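First the structure, in the form of structure tokens, and then the observations on it.
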Amino acid sequence: MTTATVTETEKEFRPVQGWRVVAAKELADHLLSGRFIVLMAVLGIATAAAVFAASGGIRDVAPNAQGITALFLKLFTVTADPVPFPLIVFVGFLAPLLGIMFGFDAVNGERSQGTLPRLLSQPIHRDEVILGKFVAGLSVVAIMLASLVLFVSGIGIFRLGVVPTAAEITRLFVWLILAVIYVGFWQALATLTSVLTRRASTSALIPVGVWLVLALFGSFIFSAIAGIISPRDGTAVAEVAYLRTQQAVSQISPITLFQQGSTVLLDPEVRTVGLVTLEQVDRAIVSELNLTQSLGVVWPQLVVLVAMTAVMYALAYVAFMRQEVRA
Amino acid sequence: MVTTIKSKSLTKAYDGHKVVDNLNLDITSGEIFGLLGPNGAGKTTTILMLLGLVEPTSGEIEVLGLDPRRNPLEVKRRVGFLPDAVGFYDTMTGRENLRFTARLNGIEDAEEKIDALLEEVGLADAGDQRVGEYSRGMKQRLGLADALVKGPGVLILDEPTTAIDPEGVAEILGMIRRLATEQGVTILLSSHLLHQVQAVCDRVAIFVDGKVVAQGPPHELAAQQRGPTRVEFRFDEDDEALGQRLEGLAPVQSVTRGRIPGAWIVGVEPARLSEAVRLASAEAPLIGVRRLDDDLDAIYRRYFESSEEKSA
């Protein structure tokens with residue numbers, strides 16, 4: 001009788017936050033896992049290479065660089081030999097891998113280990129399992145990207161002797177949030193495939209395939225589609241229509257959205273991601289946008305990217321909720 | 001006697017095929033109830049429905065007075081579950097795995113309890129080893145400890161003794177017994193291994209193709225005779241013609257040859273057993289009589305044979 005009463009009161013007082021317990025365990029797992037160490041090493045080496053090249057490039061032009069204010073952010077957006085792309089492109093290309101790595105065995109890993117029935121028979125809601133895993137994976141990604149930014153900043157301060165301004169730090173922070181959401185899309189995609197497929201290798205392969213196709217062949221595919229929708233016939237009008245279509249089509253790819261968002265957020269001088277004619281830039285005064293204005297420029301991209309991530313997570317969530325415990 | 005697990009015309013169908021068909025259970029507290037049946041008979045589905053992990057197609061369930069469909073969390077808080085082929089996180093130690101389960105149940109300070117449970121299932125020394133190094137049997141023991149971490153009022157064990165060596169089985173069954181008698185835990189266990197069920201269960205339900213074909217205490221089920229009782233007669237001589245002669249005896253309904261020379265399996269009217277033995281010994285020197293239908297084995301076999309015939 002006494003025990004029964006104790007249980008009753010306990011029930012009243014303690015709302016079970018199972019997702020926190022799941023997330024804490026997953027976080028510990030990830031941080032101790034080999035894949036975390038490997039990814040961190042790869043990311044660290046590649047970043048170091050990119051940022052050394054960029055800072056070198058900035059130093060070379062620095063004497064002439066009168067009036068360039070957001071110099072510090074150039075570390076992230078400047079291309080210099082021998083690294084053929086700026087850091088943000090590199091993050092846009094490589095970051096999906098982080099999400100995929102921390103999501104591809106989220107559910108089928110539990111299944112193959114035989115831990116899923118045990119986990120689901122504990123007094124937590126089923127959605128807390130997938131939420132906890134998603135939060136944990138994304139936290140690790142956030143930790144990795146944040147340390148990457150700090151790493152770059154450290155090298156930048158050391159090599160350039162330029163300290164970031166408050167405005168630049170704010171921009172970096174907003175960009176970091178954007179990057180985490182972007183990776184979240186890939187993690188949600190990998191989680192979805194881990195719900196739908198039995199084997200971890202299959203569920204890793206599908207999002208990796210999507211990622212490679214979009215990252216490597218995306219521009220060809222979008223050009224081809226644009227060519228079909230608005231054919232080029234040599235006239236200027238057709239050419240503009242074609243380019244507009246191509247740009248619209250390419251925005252179904254989260255990679256494009258992230259690249260455009262990054263460019264605008266980290267380069268205050270960028271005022272549009274769309275098509276600009278020569279007349280429009282003629283005698284335009286080079287000046288900086290403030291963060292609110294920059295956000296205004298890429299607002300559609302940001303919203304669509306958030307929506308894509310949310311939809312992908314929702315798909316994974318629904319698939320998991322509808323799935324049989326033993327299938 | 002308080003009813004802890006109750007189901008009324010519980011049915012689960014997948015694509016029109018009934019995996020569990022019109023199941024009525026009534027299990028009282030402190031009872032050990034066995035679900036007995038071959039693989040695929042619907043035992044696991046029944047268990048998952050009791051835990052609220054599978055949605056029934058129709059029917060009612062009550063576990064500790066709660067409906068698992070409406071209050072799955074309350075049910076899962078009070079019901080310990082050991083799944084079939086239980087798995088653990090291989091990179092974590094046994095103790096860490098139990099700690100994780102304790103946290104999921106909102107128990108923050110569970111160390112003493114975990115120690116006691118590891119001791120009880122015989123894993124006191126292996127508690128700090130990674131589960132990846134455990135044998136199948138050790139995992140099964142850890143699974144039992146895991147199901148007990150929350151201090152459940154009901155324990156549901158799906159095939160608890162598979163993959164455990166005979167000695168371990170005796171230990172596990174002993175533990176199950178103690179839990180029921182000393183702590184009044186209601187235990188529902190499923191198994192396809194008849195002898196274990198018979199040894200430990202107060203009552204059993206025999207499952208075939210989603211239907212319970214018999215339910216009751218093991219000895220009563222054994223006593224439920226349908227048709228002739230099967231008796232094995234062994235004679236001192238191996239005589240082909242003896243079969244004919246046995247068939248001619250009044251109480252005898254069927255005769256088949258036994259496996260050993262001189263042995264005959266004879267179906268006898270239950271009421272006329274002694275008469276049959278007397279008559280048989282008059283036919284030839286009788287050196288042994290064994291009644292075959294005196295344990296659950298026979299019932300089990302009979303139901304499975306009949307279901308196989310149906311499907312064949």
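Since the model is a prediction, treat every value here as computed from it, not as a measurement. Worth knowing before you read on, the calculation uses all heavy atoms, side chains too, and leaves out hydrogens, waters and symmetry mates. Proteins come first, then strands; the chains are lettered A, B, ... in the order of their sequence lines, and each starts at number 1.
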Main chain of [Y], side chain of [X]: is a donor-acceptor contact present, judged purely on distance under 3.5 Å?
X	Y	answer
B:Lys76	A:Leu120	yes
A:Arg118	B:Val86	no
A:Gln113	B:Asp90	yes

Report task. For residues B:Gly87 and A:Thr115, report the shortest heavy-atom separation together with the two atoms involved. Result ->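 Closest heavy-atom pair between B:Gly87 and A:Thr115: O-CG2, 3.2 Å.
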Query raised in the report: What heavy-atom pair brings A:Val325 and B:Leu48 nearest, and what distance separates the two atoms?
Result: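 Heavy atoms only, the tightest pair is CB-CD1, 4.5 Å.
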Query raised in the report: Could you state the interatomic distance from OG1 (B:Thr91) to CG (A:Leu32), rounded to the nearest 0.5 Å?
Result: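 With rounding to 0.5 Å, OG1 (B:Thr91) is 8.5 Å from CG (A:Leu32).
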Query raised in the report: Are any of the side-chain heavy atoms of B:Tyr89 and A:Glu110 separated by less than 4.5 Å?
Result: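 Result yes, sub-4.5 Å side-chain heavy-atom pair found.
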Query - Side-chain heavy-atom pair A:Gln122, B:Arg77 within 4.5 angstrom cut-off - result: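 Counting from C-beta outward, A:Gln122 and B:Arg77 never come under 4.5 Å.
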**Report entry** Interface residue of largest heavy-atom contact number with chain B, from A:Pro117, A:Ala24, A:Ser112, under 4.5 Å
**Finding:**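 Top count of heavy-atom pairs under 4.5 Å with chain B: A:Pro117.
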Requested in this report: Give, as side chain, backbone, both or neither, the part of B:Leu53 having an atom under 4.5 angstrom from any heavy atom of chain A.
Outcome: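 Contact with chain A: backbone and side chain both.
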Query raised in the report: Which answer fits B:Lys139, side chain, backbone, both or neither, if we ask what part of it has an atom under 4.5 Å from a heavy atom of chain A?
Result: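 Contact with chain A involves no heavy atom of B:Lys139 at all.
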Report task. Determine, stepwise, if the pair A:Lys25 / B:Met92 fulfils side-chain contact (heavy atoms from CB on, under 4.5 Å). Result -> CA-CA 10 Å; A:Lys25 184 223 146 237; B:Met92 287 159 64; 3.6 Å; yes
